[in-house]
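Both counts, for ligands and for their atoms, begin at 1 and track the order of listing. All of these numbers come straight from a predicted model, not from anything done at the bench. The analysis underlying the following values was restricted to heavy atoms, covering all of them including side chains, and did not include hydrogens, waters or symmetry mates.
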Amino acid sequence: MRPLIIIISLFIAVLGTANAWAHAHLDRASPAVGSTVASAPKEITLWFTQNLEAVFSTVEVLDGSGARVDDGKPSITGNTMRVALKPLAAGTYRVHWHALSVDTHTTDGIFTFQVSVP
Ligand SMILES: [Cu+2]
């Protein structure tokens, strides 16, 4: 009987993982996660795996000293969140997003990108 129990446990674990994937996770970003860009981007765009609730989804973009360099008002359409950026100097920037998906689950994450303008 024991192998059967293990198989059932694995099956439940896999189902649980599939359910977690149904939340609004970051699918991709521009500038890309962990990338280095040669010119300062004027905005950052985040694409999620699910549509977002606009009112409760936010993003902060911080420079190396922790100062915000986004204009504070993301525009959200469907699964896409976009925010304008102040003029960026060379350096590493941290993007911290919070998403409330239409299934009412919240997710958040942090990634960085670098600007290599001289
Ligand atoms: Cu969910």
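- Grouped with F56 in one hydrophobic cluster are V55, L100, the linkage being side-chain heavy-atom contacts under 4.5 Å among Ile, Leu, Val, Met, Phe, Trp and Tyr residues.
- Checked by atom type and distance alone, the side chain of D27 never pairs as donor or acceptor with a backbone atom of W47 at under 3.5 Å.
- Per residue H105, closest N, O or S atom to the Cu ion (ligand 1): atom name ND1.
- The nearest pair of heavy atoms linking E43 to P31 is O-CD, 4.2 Å.
- Nearest approach of L85 to P41, heavy atoms of both residues: CD1-O, 3.7 Å.
- For D103, the N/O/S atom at the shortest distance from the Cu ion (ligand 1) is named OD2.
- The nearest N/O/S atom of H23 to the Cu ion (ligand 1) is ND1.
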